[in-house]
Every structure is written in structure tokens, then in C-alpha cells.
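A quick write-up on the structure given underneath.
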Amino acid sequence: QVQLVESGGGLVQAGGSLKLSCAASGRAGSMYAMGWFRQAPGKERECVAAISWTGGSTYYGDSVKGRFTISRDNAKNTVYLQMNNLKPEDTAVYYCATRVGVGVVATPSRYDYWGQGTQVTVSS
């Protein structure tokens with residue numbers, strides 16, 4: 001069983017930055033792609049960013065391109081999401097997810113394990 005724990009969420013003013021972290025535990029011997037998703041009240045869960053097992057391939061949602069950066073440290077079993085120039089519309093619960101496989105995937109249903117989520121609130 002894989003466990004994911006997110007941290008780094010909080011309240012920030014528009015234009016500010018936050019860095020989310022997601023630590024994974026309970027897995028060994030497999031290669032995992034990872035992703036960050038968000039869900040705002042009344043909206044569907046969307047992929048913000050995803051990264052391949054090696055980190056060589058990434059995906060970004062159109063609304064965050066140029067502002068967010070996903071990265072990973074496999075030695076620490078941790079994935080990060082650096083969020084810059086935050087906007088009020090970025091307010092949501094952010095979830096980390098992982099799936100067995102090496103490639104980048106942006107579809108939530110293709111992920112096998114999910115964290116509990118961390119709230120990000122951007123004030124105007």
C-alpha cells in the first residue's frame with residue numbers, strides 16, 4: 001500500500017508563491033509517475049501538473065503554464081509543486097497522486113493512490 005502526504009498549503013496573497021511537497025511511502029521496486037491535481041468547490045478535479053518517473057517529461061495545465069513547476073527527488077520519494085504568481089482562481093484543495101507506470105498522465109482516473117489534500121487559498 002502506498003501512502004502520500006502533502007504539505008505546504010496555506011493562505012497567500014495574489015502574486016505570492018507557495019511550494020507544495022508530497023512524500024510517498026510504502027512502495028519499493030516499482031516505477032511511479034506522479035501528478036498534482038486540484039479541486040475547487042463545485043468544479044471537477046483537474047490535473048495541474050504531472051511528471052514521469054525519471055522527471056524527464058512533464059505536463060502542465062494551460063491555466064498554470066509558466067507559473068507552476070513540478071519536480072521530484074526519487075531518493076527522497078518526494079514530488080514538489082512550486083507555485084509562483086498565484087491568482088485567486090488558483091484557490092482549491094491540491095492533491096498529490098501516483099500511479100504505477102513511467103509516463104506522464106493527466107487523467108485522474110488513471111491514478112492509483114491519492115493523498116488527503118492540502119488547502120491553498122489565494123486572496124485578492
Side-chain donor or acceptor of [X] paired with backbone N/O of [Y] under 3.5 Å:
X    : Y    : value
E6   : Q116 : yes
R99  : R110 : yes
T118 : Y94  : no
Q82  : T69  : no
N74  : T54  : no
E46  : E44  : no
T98  : A33  : yes

Exercise for review: For R67, enumerate each residue passing the salt bridge (charged side-chain N to carboxylate O under 4.0 Å, His left out) test, keeping only those at least two apart in sequence or located in another chain.
Suggested key: D90
Review point. For K65, which residues count as a salt bridge (charged side-chain N to carboxylate O under 4.0 Å, His left out) partner, sequence neighbours excluded?
Key: D62
State yes or no: do [X] and [Y] share one hydrophobic cluster built from I, L, V, M, F, W and Y residues joined by side-chain heavy-atom distances below 4.5 Å, directly or via other members?
X    : Y    : value
V2   : Y80  : no
Y32  : V105 : no
V100 : V79  : yes

Looking at side-chain heavy atoms only, is the closest gap between [X] and [Y] below 4.5 Å?
X   : Y   : answer
M34 : L4  : yes
N84 : S17 : yes
R38 : S63 : yes

**Study point:** All side-chain contact (heavy atoms from CB on, under 4.5 Å) counterparts of V93, not counting sequence neighbours
**Key:** Y95, Q119
Practice item. Can you sort out the partners of S109 under side-chain contact (heavy atoms from CB on, under 4.5 Å), two or more places apart, ordered by chain and number? Key: T107
Which distance, rounded to the nearest 0.5 Å, do you find between the [atom1] of [X] and the [atom2] of [Y]?
X   : Y    : atom1 : atom2 : answer
L20 : F68  : CG    : CZ    : 8.0 Å
K87 : S124 : NZ    : OG    : 14.0 Å
C47 : I70  : SG    : CD1   : 7.5 Å

**Study point:** All pairs passing ring-ring contact (aromatic ring centres under 6.0 Å, His included) where residues 103-124 contributes a residue, at least two apart
**Key:** F37-Y111, F37-W114
Point to revise | Over all atoms of both residues, closest heavy-atom pair of A92 and A40 | key: CB-N, 3.9 Å
Check your understanding: What residues join V104 in its hydrophobic cluster, counting side-chain heavy atom gaps under 4.5 Å, either direct or through other members?
Key -> Y59
